[in-house]
Every structure is written in C-alpha cells, then in structure tokens.
Peer 1: 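Before anything else, here's the structure in question.
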2 protein chains.
Amino acid sequence: MKVTIKQIAELAGVSIATVSKVINHKDQKITHQTRDRVLEVIKEQGYIPNRIASSMVTKRTKTLGLMIPDITNPFFPELARGVEDGANEMGYTLILCNSDNDLQKEESYLEMLQEKMVDGIIFTASSRRTTMSPAFLRLNTPVVSVDREIEGLRLEGKITVDNEKGAFEAVCYLIDKGYRKIYHISGPLSSKTAKDRYAGFLRAHEEKGVLPVEEHLIEGNYTSTMGYDHTIRLIEESVDFDSLFCGNDLIALGAYKALHEKNMRIPEDIGIIGFDDIYMAEIVSPGLTTVRQPSYTMGYKAAEMMIACIKNKDGVRKEWVLETKLMIRGSTQ
Amino acid sequence: MKVTIKQIAELAGVSIATVSKVINHKDQKITHQTRDRVLEVIKEQGYIPNRIASSMVTKRTKTLGLMIPDITNPFFPELARGVEDGANEMGYTLILCNSDNDLQKEESYLEMLQEKMVDGIIFTASSRRTTMSPAFLRLNTPVVSVDREIEGLRLEGKITVDNEKGAFEAVCYLIDKGYRKIYHISGPLSSKTAKDRYAGFLRAHEEKGVLPVEEHLIEGNYTSTMGYDHTIRLIEESVDFDSLFCGNDLIALGAYKALHEKNMRIPEDIGIIGFDDIYMAEIVSPGLTTVRQPSYTMGYKAAEMMIACIKNKDGVRKEWVLETKLMIRGSTQ
DNA sequence: CCTATCTGAGTAAACGTTTAACTAAGTATA
DNA sequence: TATACTTAGTTAAACGTTTACTCAGATAGG
C-alpha cells in the first residue's frame, strides 16, 4: 500500500490540509515547527504525492503531448529533445506519439491525449493532412504547431522556419559556385514545407537569371531510399545534371550512396545540398552542405510557448519564424 | 466546460453507472436500446472520458515511463519506437524521459514518473550508475530493464543482447579476413555493455591464436567525436594498425571521418567494424560492417513484457537475451 | 476590560470516474 | 399462488488530493 497524504497527516498529528499546504509551498501561514514535522514525516515515509489526484481537482496534469510523424526520422529526435528539455524545466512531462503520417493514427492519438487530459499538444502534423476532421475541430486542448503548419485549426502558437528563404539561399549559393544544371528532389508537394522549398528553388533561378527549370523538379517523399532511387535513375538515363538540391538530408544521403556506387565524385562531378542539418550531415564524407534548421530550438520554443499559453501569460510571441543557416561543407565546391 | 459522464447520463435518461458500463464494454447486462441511446448521446456530444478520474479508482493509468539516456543518440529512436508501438498496441501511452546519463536527473525523473502513477517503467540505466540510491530501492513500480542491466534493483524483466558473443563474432570475422592489428575503441568500461564487448574482443583473439592485445584497447565514450579524435591520434602517432573494432557505430563513423581526412581508404587501408547497426550504417559509403542489435525488437519486447507483468499474466519470459547479427558491408574486405 | 483583527490550523465539498451492493420488475419453478 | 431466480438498471461509496470557508485563540486598540 502506498502512503497517502492522510497517513502523513496522522503521523504528523495535523490535518491533511496542512500537509497539502506544505507540499505545495503554500505554507506562508504554517509555523516552522509544524512544517518541519510534516517534512520529516514525509521524508521518513518516502511519501510521493499522487499527482493524478491533484489533477482531479486542479484540472491540470502538467503533461504535454508531442505528436510527430516518426521519432525514427533523424529530423525529430533533436526536436523532441528540445521539447522535452523545455517541458522538463517547467515541471512538465511529455507523452510521445508517433503518427507515421497516418491520419487515422493521428486522430486516435489525439483522442488518447485528450482522455489523459494533457494540458497542451505540440504538433507536427502529418504531411498528408489536408483537411480537418470533426475530431480536430472540436479539440479544446491548446495546440502549438511546429515545423509544419496546420491550416484550418485554431492554434495557440506556431513555430516554423523560413523554408522558402533557406532554399533560396542554398540554390543561390549553388548557382554562384557555377552549378547550372540543378535538379531538385523534393518532398511530397502536398506539404507546405516541400512547396516552400521548391518556391525558393525557383526564385533563386529567376533572380540569378538562370533558365526556368520546372522539369528539374523530381517529386519524392523525404526518404533516403527515394533519394537513392531517383539519383540512380538520373545517372542511368544519362540525364545531364551537375548538382542536386535535396528536399532534406535523408534524400541527400541517399544520393550520396547512389553517386558512390556509380563512381561519381562529390563535389567534383556532382554538387549536393541538403536541408535540415541532421547529425549525420557533418559526419559523412565529404561533409554535406545543407540548410540548417534549428530543430532543438524549435522544440524548446514550442514547449515554452505552450506552457506560457497554459499559464495565460501574455506578452509571449504566438508566432515564430526561425531563420535557417546555410552550412557550407565539402559536398559543394 | 467539458462534458462529463454525468451530463451524458442525464441526456440519455439513465444513471452514470449505466453510461460507465457501456463505455467500458461491460454492457452484457444492458439492453440494445439503452446502449444505443447512450452511444448516440456520447457521439452527439463528442464526449471524451476523463481517464484521470478513472485512474483514481482503478489505480491504473495505462501509462508507461521510458527512461533512456538521450533520444538524440541514434541508437535510441528505434528502441523508443519499438516501445511506443508495443505500448500503443495494448492501449498504453508513453512518457519520455532523457536522463543524459545524469544520476540526479535520472532520480528526479523517477520521482516524477511515480508521481504520475505510471504503471511501469522501461529503463535503460545511465552508464554511470553503479550504486542504487534509496529512492531506487524504495521504488515499487515495476521496472523492465532494456539494453543495460541494473544491478542491485529488483526487476520485473530484463532484455539484453549478447554483447560478448556479438563482439566475438565480429572480431573473429576481422581475423578471418586477415586483419591482425586490430584496435578496439570502446565505450566507458564502467558499463557492462562495453565490458562485454571488450571481453568478446579478447576471446576472439585467444581462440584464433592471435597475440594478446591488451594495449590495443582505447577506452572512449560512445561518441563520434571520440572515435574521430582517437583515430586521428592513432594516425598521427603512426601507430601500426590495420583495423578498428569500434564500441558502437557512432565511434565508427567518427573514425570514417578521420580516415577520410587523412586520405586513408576503407577498407583497403583500414577495415572498420561497428556495433549497433544504426540507420546510417547502411547509408554511409562504404557501408559499415557492424554488429546489428535488434533495437526495435528490444523496445517492443520490453513493452510487451512490462504490460504482461502489469496484467499479472504468467508464462511470460522475464528475461530475454537477444541475438546480434553481423551485417557485412563494405568497410571490411 | 471589551471588541476587532490577525494567525495558524482544521472541515468538508468537490473533482469524474468505477464498482460492489442493492432493487424492482419480470420470468420460471414447484 | 407463492417462491426463487434473472434481468436491467440504480445507488452510493471510494479513489487522494486542493481549497474556500470556518474557527479558536492570541494580540492589539480604545
């Protein structure tokens, strides 16, 4: 049997209200003697308060939900870590949900989170989501979106990255370096991030006065397999290209593999730029030039924003567009 | 105001007990008419049961804690994913904790998990933990350890990998391929996994009749930086080695980087074997030969074991030593 | 000395469920 | 017809806290 506040109260010879006050540091009106006595009993009994019971009355669980597509995708661990650290610092705990970009799973998790009465949800929506189900619209738990936008849903906050600008800078850099036949292996264009990156790709060409290149777009799905397959295909079909701007680093690393197998050199034969700056981008040889997303910061800020919203603090920014940074490494010259 | 079971009861013209029974499918003794009426009201009102309140009376939260050193370490996302999938399938939810191998953090998280009344904890202990604090010993939440052992703590289950054998096979393979000057960059030898892998390294040498090689041990700490630094040092000090058996893949990838920078070829000049088989091992060029740990399975089985234990199912194995598998790729020849 | 104020602590309701025990009505049994 | 058993549902206690309100005693003011 676990020890409860009641038993502590008895052992200390006070009422449970007093114990509660001591636990919650609402003890301005408690004498030192009683407080110390209570504290001593608590320690001696190894008492651990039951937060489930507190939640019943306070209507706060001090728990946040984190919904991401897949923690196994190298982009997300850092983001998750940022959220976790932010939450933890404020005394919040995190429930992890992997939606696998599956709308059904997303909704069933959403329901679970509501049942568990989380105080807020930090949400990277499925890239497949285009329309909001009734379950979403009825949601009355605060939501902060991160990385991807969620259109048609009331959000308490939004954290994104300027994808268009990041892509623009990357492609400008490629053009400045003399690359002219740039192919873009993108993510699914149904997602806003992929669309924005493609827009940046196009704008860079326009502003640099390089030919229109719509046929240089290869729509993929953000996986390394896709990057590999498309690159192999480009080579085998003898397509004339001198560089790849990849929708993310996984695609880029897939391309690395394909180029190695086909004995083509990076960056001498083909230049490569990725997007995200995952851990491996630096480890790989040559280092992958890529557009860094501050994923840890995104997660951290999301947690911060979420908690500020829960506490009804105002003066907190509700929208944050973070800057990317071009990390120049060996895959371009 | 959220709608409660009470309001559903009123609207459906039944008692809350009846509503509770239909929600929990204890409705054998409820007529179709009443059940359907209740279900209809529930749907119409978008009622979501408050599991916090249920937990109060059932004393089950259907929540598991997952404590790992760092989700950002590429070994853990797959493991976490396995745990999550296993938990989710059984209707459980996961609280994620990153201990950073920090004993203090570990203990404070442990307390939080207990406060939140998790039904069980899946635990990859800090590699630094050698002794159990009173907080640990008093713990009366079931614990399943995964990957690393936790000595001196009552465990409901344990899932490990045969590290010694995995290392043994890897090093045997290296010797069979003709490598003779094998250096081992290990993890911290305070951890059992690192110790076991080193033991396998030694046994392989013995059984193959290759010289004793204690001075070929370089104790590191499982990071790629460490792998990089030590490899650079080996080369700059002109140490005579023809291959590296790395304590994990991160170390190996660090070594890759160092070798590339020093213009040494893999596997022609130096053969490399890692441990774990993280995602990148396959993507990198040449592919990294490594000892595969079934991390997803480990996580999944841990969740399964934990939940079986919670439900007091017997006939479930309490200890599972999973097999590793040598994944032969291009980094050895 | 009487009253008003302050101090430190206690009382009890409330949070939203589950579930054991109960009940009223209907049905089968003798 | 009286009795026992089913059936379909209700009642009410319990889970472990927080917190608004109450209260007794001490202190201060006039």
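In what follows, chains are A, B, ... by sequence order, proteins preceding strands, each numbered from 1.
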Peer 1: I want to know whether B:Phe136 and B:Phe123 have ring centres closer than 6.0 Å.
Peer 2: yes
Peer 1: Determine: side-chain N/O of A:Lys26 to OP1/OP2 of D:dT19, distance under 4.0 Å, yes or no.
Peer 2: yes
Peer 1: Yes or no on side-chain hydrogen bond (donor to acceptor under 3.5 Å, both in side chains) for A:Glu149 and A:Thr160, after CA distance, side-chain angles and deciding distance?
Peer 2: CA-CA 8 Å; A:Glu149 312 206 15; A:Thr160 51; 4.9 Å; no
Peer 1: Specify the residues of residues 46-59 of chain B, ordered by number, for which at least one heavy atom lies under 4.0 angstrom from an atom of DNA chain D.
Peer 2: B:Met56, B:Val57, B:Lys59
Peer 1: Looking at B:Asn88 and B:Glu84, would you say the former's side chain and the latter's main chain have a donor-acceptor pair under 3.5 Å?
Peer 2: no
Peer 1: Could you pull out all donor-acceptor pairs under 3.5 Å where a side-chain atom in residues 65-73 of chain A meets a protein atom, sequence neighbours excluded?
Peer 2:
| residue | atom | partner | partner atom | Å |
| --- | --- | --- | --- | --- |
| A:Asp70 | OD1 | A:Thr72 | N | 3.0 |
| A:Asp70 | OD1 | B:Arg81 | NH1 | 2.8 |
| A:Asn73 | OD1 | A:Phe75 | N | 3.0 |

Peer 1: Is the backbone of A:Gly187 close enough, under 3.5 Å, to the side chain of A:Ser191 for a donor and an acceptor to pair up by distance?
Peer 2: no
Peer 1: C:dT5 C1' sits how many Å from A:Lys29 NZ, rounded?
Peer 2: 11 Å
Peer 1: Can you find a side-chain donor-acceptor pair between B:Tyr222 and B:Thr193 that sits under 3.5 Å?
Peer 2: yes
Peer 1: Could you state the atom-to-atom distance from CG of B:Asn24 to P of C:dA20 in whole Å?
Peer 2: 13 Å
Peer 1: With a non-hydrogen cut-off below 4.0 angstrom, is B:Ile23 in contact with a base, only sugar-phosphate, or nothing?
Peer 2: nothing
Peer 1: Got a second to check how far B:Met90's CE is from B:Glu304's CD, nearest 0.5 Å?
Peer 2: 7.0 Å
Peer 1: Of the nucleotides D:dT18, C:dT19, D:dG9, which has the atom closest to the B:Ser20 side chain?
Peer 2: C:dT19
Peer 1: More than 12 heavy atoms of other residues, nucleotides or ligands under 6.0 Å from NZ of B:Lys2: is that the case?
Peer 2: yes
Peer 1: Rounded to the nearest 0.5 Å, what separates atom CZ in B:Arg154 from atom CG in B:Asn140?
Peer 2: 8.0 Å
Peer 1: Rounded to whole Å, please give me the gap between CD in A:Glu10 and C1' in C:dG10.
Peer 2: 14 Å
Peer 1: Whole angstrom is fine here: how far is it from CD1 in B:Ile5 over to C1' in D:dG9?
Peer 2: 14 Å
Peer 1: From C-beta outward on B:Thr31, which listed nucleotide comes closest to its side chain: C:dG8, D:dA8, D:dT18?
Peer 2: D:dA8
Peer 1: Are A:Thr61 and A:Asp119 close enough that a side-chain donor and a side-chain acceptor fall under 3.5 Å?
Peer 2: yes
Peer 1: Figure out the CD1/P separation between B:Ile16 and D:dC15, and round it to whole Å.
Peer 2: 17 Å
Peer 1: Counting any heavy atom closer than 4.0 Å, what does A:Thr18 reach on the DNA or RNA strands: base, sugar-phosphate only, or nothing?
Peer 2: sugar-phosphate
Peer 1: For the pair made of CZ in A:Arg60 and C1' in D:dT19, what is the distance, rounded to whole Å?
Peer 2: 16 Å
Peer 1: Which letters describe nucleotides 22-27 of chain C, given B = protein heavy atom under 4.0 Å from base, S = only from sugar-phosphate, - = neither?
Peer 2: ------
Peer 1: Need the bend value for the helix from C:dC1-D:dG30 to C:dA30-D:dT1: angle between end axes, 5 pairs each end, nearest 10°.
Peer 2: 50°
Peer 1: Quick one: B:His25 NE2 to C:dT18 P, roughly how many Å, whole number?
Peer 2: 12 Å
Peer 1: Go through D:dA8, C:dG10, D:dT18 for me and flag the one nearest to the A:Lys21 side chain.
Peer 2: C:dG10
Peer 1: Do B:Asp85 and B:Tyr296 have side-chain atoms, one donor and one acceptor, less than 3.5 Å apart?
Peer 2: yes
Peer 1: Less than 3.5 Å apart, any donor N or O on the side chain of B:Thr63 or A:Lys116 sitting next to an acceptor on the other?
Peer 2: yes
Peer 1: Test your reading of the model: is there a side-chain donor-acceptor pair from B:Asn98 to the backbone of B:Asp100, 3.5 Å cut-off?
Peer 2: no
Peer 1: What is the separation between atom NZ on B:Lys116 and atom P on D:dT17, rounded to the nearest whole Å?
Peer 2: 15 Å
Peer 1: Short of 4.0 Å, heavy atom to strand atom, which residues of residues 32-44 of chain B count as contacting DNA chain D?
Peer 2: B:Thr34
Peer 1: State which residues pass side chain to side chain contact (heavy atoms under 4.5 Å, CB included) with B:Thr31; sequence neighbours excluded, sorted by chain then number.
Peer 2: B:Gln33, B:Thr34
